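Quick note on labels: first sequence line is chain A, next is B, and so on, each numbered from 1. Because the structure is predicted, anything quoted here is derived from the model rather than measured.
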Amino acid sequence: MPEISKSYEPRDVEAKWYAAWQDAKCFSAPTPAPGQEHYTIVIPPPNVTGILHMGHVLNNTLQDALIRRARLEGKAACWIPGTDHAGIATQTMVEKHLKKTEGKGRRDLGREEFLKRVWAWRGEKGDHILKQLRELGCSCDWDRTHFTMDPGYSKAVLASFIKLFEQGHIYRGKRMVNWCPVSLTALSDEEVEMKPTKGHIFRLQYELVEPSTTKDSEGNIIPLTHLVLETTRPETIAADVAVAVHPDDARYTHLVGKKVWRPLGERIQIPIIADKAVDPAFAAGALKVTPAHDKVDFEIGQRHGLPVIDSINADGTMNEFAGPELAGMERFAARKKAAEILQERGNLIEAKPYENNVGYSQRAGVPIEPRLTQQWWLRYPRVEEAKAVVRDGLIQMHPERWSKVYLNWLENIQDWCISRQLWWGHRIPVWYAKGVDREKLTEADLRDPKKIHVSLDGPADPENWTQEDDVLDTWASSWLWPFATLGWPDAEAQAKANFSHFYPTTTLATGADIIFFWVARMIMAGLEFAKPGASIQERIPFKHVYFNGIVRDKQGGKMSKTLGNSPDPLDLIVKYGADGLRFGLLQIAPLGQDVKFDEDRIESGKNFCNKLWNACRFRQMSGPMSDNSSLSAILARLDARQLDDDDHALFAALLEVQALLEKCFADFEFAAATQGLYTFFYSDFCDWYVEVAKARLADPAARDHVLAVQDLVIRQFLLLFEPFAPFITEELWTLLGYNVAGTKFLQDARIGTAEDLRGALAGRSVHIDTAAAGRVAKLKATVTLARQLKADKAVAQKRDVLFSVVAEDAVWTALESASAKFTRLAGAASLARAASAPALPAIVTPLGTLYLDTGVKVDAAAERTRLTKELEAVTKHIAGTEARLNNEAFTSKAPPAVLEGARKQLADQQAKRAELERLLAALV
RNA sequence: GGACCUUUAGCUCAGUUGGUUAGAGCGUUUCCUUGACAUGGAAAAGGUCACUGGUUCGAGUCCAGUAAGGUCCA
């Protein structure tokens with residue numbers, strides 16, 4: 001057996017094992033055996049040309065932990081990886097690259113040539129992120145890697161469109177959309193981010209065609225020559241078609257039906273209308289109505305049969321309808337110019353600084369432009385079912401509160417604009433008969449096969465048809481992810497992928513930021529498409545949704561490359577090892593909270609791995625390795641006669657942590673799981689058991705038994721730890737001989753439950769003595785107090801000091817039997833029983849009063865100070881407890897166990913006080 | 001405007017159905033290279049649990065309100 005080196009060097013280990021796992025096809029999803037449970041996860045597909053960031057690390061570490069744990073539990077585990085074509089993001093990236101390298105735009109190349117370039121880009125940069133996931137240790141079934149633009153997947157996307165079209169869920173319509181003037185495409189509402197934006201609001205006056213009068217605040221009749229209104233967008237005035245007031249606004253009712261002069265563009269009269277959408281409290285209570293450039297205005301225009309004047313081009317520049325002064329200008333420059341002109345003409349009263357919410361294109365980061373265009377829309381299918389599955393708990397969200405957010409969105413759901421004016425994506429499978437005017441198609445025309453052709457393969461006579469230019473929104477492909485990655489809709493592919501076994505998937509781990517974009521839509525898509533006619537339980541895409549937090553920087557800010565506060569995970573892996581990164585990150589990832597990234601925690605993850613490494617190294621140095629090839633082989637090496645309190649306490653702690661992990665995985669409490677593992681291994685095993693065992697290892701009768709206990713605990717710990725730190729655990733599994741011939745890897749072992757282990761121990765006559773843990777705790781406390789006393793006397797490092805104890809017979813018996821452990825742990829030459837109190841520094845412990853002999857004369861004053869401080873604390877505590885026990889309401893109403901506990905506590909504290917008083921009195 | 005979340009040690013967070021003297025890691029201070037580990041060990045200091053009120057024998061925990069910070073939707 002190779003010797004374990006002095007420190008853990010992750011880099012040597014990681015590459016070796018990942019290659020071995022892949023060679024052995026460890027991550028291939030097996031065909032589930034009859035009755036075998038499956039555990040399926042589909043990866044949230046990252047952008048195909050993306051690179052790994054901390055958010056990915058967290059998200060994928062969680063998934064890997066889940067899938068690895070499932071393997072150890074004997075489930076048929078299937079983790080499907082893949083990437084998303086990410087329409088806008090990728091197209092924008094390639095366009096930028098083209099501009100930079102060739103000075104060309106996509107239109108210079110033409111659609112076909114441009115797409116060739118995108119595919120070439122994908123070939124060069126694509127899937128890099130999947131390689132990075134391997135560095136992290138992710139155990140995806142790589143043979144199942146999918147890409148949303150693969151032929152099979154594309155077929156699924158188009159098939160879903162056709163099906164929805166045939167069912168009447170999809171329609172085409174000219175509507176107000178969020179237009180991105182940079183990407184030159186429509187966006188869905190979800191892709192628009194509202195951001196408070198500083199600008200100006202312009203107080204304007206529009207001249208009345210016929211001067212009128214109004215009343216001032218005191219009721220006096222005063223002349224009225226202008227209508228005052230406020231706007232943040234003066235550049236659109238030339239597209240104004242009316243001015244609206246609220247119908248109940250007494251200031252203006254007499255003006256409704258009259259006209260004002262439009263101050264920009266062609267000098268024409270526009271009507272004053274009344275509409276309830278106007279807020280009479282805002283500004284002067286009048287609103288300029290610009291149907292082409294505002295959603296509310298558009299609706300007002302519709303209600304009043306007003307024309308639509310579109311004064312802004314697709315790219316955000318003004319056109320001729322904006323008036324000769326503004327035509328051709330960029331929209332924000334035009335805004336300034338418009339204000340200047342209005343000032344000159346006397347229409348501008350004032351320009352005030354103003355902050356309002358402006359919609360920004362999520363991708364391009366520029367304000368969107370409401371724009372009237374022809375788009376394809378989807379009326380979501382299965383909305384009611386989608387609500388029901390979450391409300392009824394068929395799909396559980398973790399943390400649960402997200403289901404409220406989800407349901408709220410579904411309650412207010414709007415049709416989805418699924419068309420994008422991009423080239424990179426799934427081109428909509430609709431062909432228009434030549435000669436048909438696309439602008440004027442009616443709902444009936446859409447269903448007329450002579451005018452519109454909708455199919456997977458296109459019309460038989462393509463020369464007579466023209467295909468739709470638009471592609472589908474990326475999310476209209478990724479919403480099929482949980483089943484399109486399992487072969488849907490092709491029966492043969494589904495059979496090959498074991499669709500019937502692995503769908504519905506088990507858990508989806510993702511960020512809450514895409515709950516609408518992706519999670520909600522997947523649920524609707526799954527219900528609609530996945531298993532037609534099957535029960536609702538069979539059609540849902542997943543049973544659990546775990547929302548991991550967002551990784552933020554130490555100050556809680558968002559991580560971004562431009563700010564430079566986003567560490568490269570690959571650098572962290574080099575520095576701390578993949579296991580250290582994984583474990584460290586999960587330690588700070590509480591359920592449902594954002595993660596504040598702190599590199600110190602990653603370092604602590606690495607240090608923990610090193611601790612584990614050295615504990616195993618020490619085990620190897622402590623004695624010969626025996627048969628570790630199975631749990632029963634190790635159990636057979638236990639000697640029930642040699643069991644002592646420490647063994648019992650350790651086994652009890654092991655069972656406890658094993659049960660804790662079961663609960664944590666069920667509840668997605670990863671931070672609690674890592675915390676539990678850490679505490680068990682550090683405190684219970686290394687700091688205590690291994691240390692006390694050093695004393696027992698010297699005893700030939702106990703040695704083999706103690707080694708067996710350690711082998712058992714390390715084995716179980718490695719199994720528990722593997723989902724979080726797969727590399728180091730695999731390495732140690734091998735080095736300590738836990739692998740058996742035929743089953744080469746840790747993952748081939750079965751973890752079993754805490755109860756299984758309890759049963760296995762009982763089978764070897766090891767029945768956990770639950771009282772042992774209490775006795776060990778007392779000894780621990782006594783050792784700590786002894787160390788405290790030594791530290792106080794500045795002899796912490798000395799190991800030749802003498803301790804004596806004054807204790808009753810029963811207590812002394814307990815301490816005497818552990819005296820070898822005590823002297824080793826407390827660092828003492830000996831521990832003896834003293835018949836009467838010696839004149840030495842003392843400390844009161846649960847196992848009697850300890851006296852420390854350092855060979856130096858007692859400093860009575862220092863002793864008095866120390867003991868008095870202690871006495872004060874105890875006295876204060878006693879007072880509190882007595883007050884409670886003297887309260888009749890407490891004694892009559894508190895449960896007996898609580899009452900009993902309080903009484904015992906009081907007795908203990910009183911005994912301690914008496915002892916402290918005695919010690920003080922004895923001081924000369 | 002609506003909904004949700006957070007507030008506990010210098011920092012990051014635990015604290016399960018209300019029940020001892022509120023815990024951990026990091027950081028800080030002191031001491032220690034003795035044969036698993038200095039990527040380590042020992043000890044210590046550090047908290048009126050945001051605030052106000054209520055329920056209760058008992059509140060960090062439950063309820064109401066207030067404040068500050070954050071997120072999402074309009």
| said: Let me spell it out: for each of Cys686(A) and Ser7(A), pick the nucleotide of RNA chain B with the closest heavy atom. Which residue's pick is nearer the 5' end? | reply: Cys686(A)
| note | From CD1 of Ile413(A) across to C1' of A74(B) the rounded distance in Å is 16 Å
| Given A43(B), is OP1 or OP2 found less than 4.0 Å from the side-chain N or O atoms of Arg787(A)? | yes
| Between Met621(A) and Ile4(A), is any pair of side-chain heavy atoms under 4.5 Å apart? | no
| message | In this structure, is the centre-to-centre distance between the rings of Phe516(A) and Tyr406(A) below 6.0 Å? | response | no
| field | Over all atoms of both residues, closest heavy-atom pair of Leu585(A) and Ile602(A) | value | N-CD1, 3.7 Å
| Taking atom types as they are modelled, is there a donor-acceptor pair under 3.5 Å from the base of U21(B) to the side chain of Gln905(A)? | no
| query | Could you give the CZ-to-P distance, from Phe681(A) to U39(B), as a whole number of Å? | reply | 18 Å
| note | Per atom distances to the Ala889(A) side chain, the nearest of A36(B), G41(B), C57(B) is C57(B)
| request: Check every strand shown and say whether Gln909(A) touches a base, only sugar-phosphate, or nothing at a heavy-atom separation below 4.0 Å. | output: base
| Quantified in whole Å, what is the C1' atom distance between nucleotide G18(B) and nucleotide C49(B)? | 15 Å
| field | Distance, rounded to the nearest Å, where Lys869(A) contributes NZ and A44(B) contributes P | value | 10 Å
| message | Rounding to an integer number of angstrom, what distance separates C63(B) and A9(B) when you compare their C1' atoms? | response | 28 Å
| query | Could you state the CD-P distance from Glu193(A) to U71(B), rounded to the nearest angstrom? | reply | 11 Å
| note | Per atom distances to the Arg552(A) side chain, the nearest of U71(B), G40(B), C37(B) is U71(B)
| task | Mind calculating the distance between CD (Glu599(A)) and P (U39(B)) to the nearest angstrom? | result | 16 Å
| Neighbour count above 12 (heavy atom, 6.0 Å) for Lys387(A) NZ | yes
| field | Lys778(A), NZ: over 12 other non-hydrogen atoms inside 6.0 angstrom | value | no
| note | Considering only heavy side-chain atoms of Phe890(A), the closest of U39(B), C57(B), C72(B) is C57(B)
| message | Under 3.5 Å, is there any donor-acceptor pair linking the side chain of Lys404(A) to the base of C4(B)? | response | no
| field | C1' atoms of U30(B) and A22(B), separation to the nearest Å | value | 26 Å
Taking N or O atoms only and anything under 3.5 Å, show me the protein contacts with nucleotides 24-28 of chain B, one pair per line.
{"residue": "A24(B)", "atom": "O2'", "partner": "Gln675(A)", "partner atom": "NE2", "Å": "3.1"}
{"residue": "C26(B)", "atom": "O2'", "partner": "Asp600(A)", "partner atom": "OD2", "Å": "3.4"}

| said: Could you check whether Phe665(A) and Tyr546(A) have their ring centres less than 6.0 Å apart? | reply: no
| request: Work out which heavy atom in Leu677(A) is nearest to a heavy atom in Phe717(A); give both atom names and the distance. | output: O-CE1, 3.6 Å
| said: Under 4.0 Å, heavy atoms only, any strand: does Tyr682(A) hit a base, just the sugar-phosphate, or nothing? | reply: sugar-phosphate
| U56(B), C37(B), A43(B): which one has an atom nearest the side-chain heavy atoms of Thr784(A)? | A43(B)
| query | Parallel, tilted or perpendicular for Phe685(A) and Phe680(A), by the 30°/60° rule? | reply | parallel
| Separation between the P atoms of C26(B) and A44(B), rounded to whole Å | 16 Å
| query | How far does the P atom of U33(B) sit from the matching atom of G19(B), given to the nearest Å? | reply | 45 Å
| said: Without decimals, in angstroms, what is the distance between Glu691(A) CD and U34(B) C1'? | reply: 11 Å
| query | Among U39(B), A36(B), A44(B), which nucleotide sits nearest the side chain of Lys606(A)? | reply | U39(B)
| Which whole-number value in Å describes the distance from Glu870(A) CD to U21(B) C1'? | 12 Å
| query | With a non-hydrogen cut-off below 4.0 angstrom, is Asn887(A) in contact with a base, only sugar-phosphate, or nothing? | reply | sugar-phosphate
| query | Does the side chain of Lys694(A) get closer than 4.0 angstrom to OP1 or OP2 of A36(B) through an N or O atom? | reply | yes
| said: In whole Å, measure the gap between the P atoms of U61(B) and U16(B) for me. | reply: 11 Å
| request: Just say parallel, tilted or perpendicular for the rings of Tyr682(A) and Phe608(A), cut-offs at 30° and 60°. | output: parallel
| query | Looking at U34(B), U39(B), C57(B), which one has an atom nearest to any side-chain atom of Asn607(A)? | reply | U39(B)
| note | Of the candidates A74(B), U71(B), A44(B), the side chain of Asn357(A) sits closest to A74(B)
| query | Under the criterion side chain to side chain donor-acceptor pair (under 3.5 Å), which of Arg601(A), Glu599(A), Arg582(A) is the partner of Tyr576(A)? | reply | Glu599(A)
| task | Of all the heavy-atom pairs spanning Lys790(A) and Ala826(A), show the shortest one and how long it is. | result | NZ-O, 3.0 Å
| U21(B) versus G47(B) - spacing of their C1' atoms, nearest Å | 13 Å
| field | Carboxylate-amine/guanidinium contact Glu603(A) Lys575(A), below 4.0 Å | value | no
| task | Please name the residue in the list Glu882(A), Glu872(A), Gln905(A) that meets the side chain to side chain donor-acceptor pair (under 3.5 Å) test with His877(A). | result | Gln905(A)
| field | Asp792(A) or Asn412(A), whichever maps to the more 5' nucleotide of RNA chain B | value | Asp792(A)
| field | Consecutive-pair stems (at least three Watson-Crick or G-U pairs, under 3.5 Å) that include RNA chain B | value | B:1-7 with B:67-73, B:10-13 with B:23-26, B:28-32 with B:40-44, B:50-54 with B:62-66
| field | Rounded interatomic separation in angstrom, taking CZ from Phe516(A) and P from C4(B) | value | 14 Å
| said: If you compare every side-chain N and O of Lys6(A) against the phosphate oxygens of A38(B) (OP1, OP2), does one of them come in below 4.0 Å? | reply: yes
| Nearest of C57(B), A36(B), A43(B) to any side-chain atom of Met621(A)? | A36(B)
| query | Between A64(B) and A45(B), how far is it from one P atom to the other, in whole Å? | reply | 39 Å
| query | When you check the phosphate oxygens OP1 and OP2 of A43(B), does a side-chain N or O of Lys793(A) lie under 4.0 Å from one of them? | reply | no
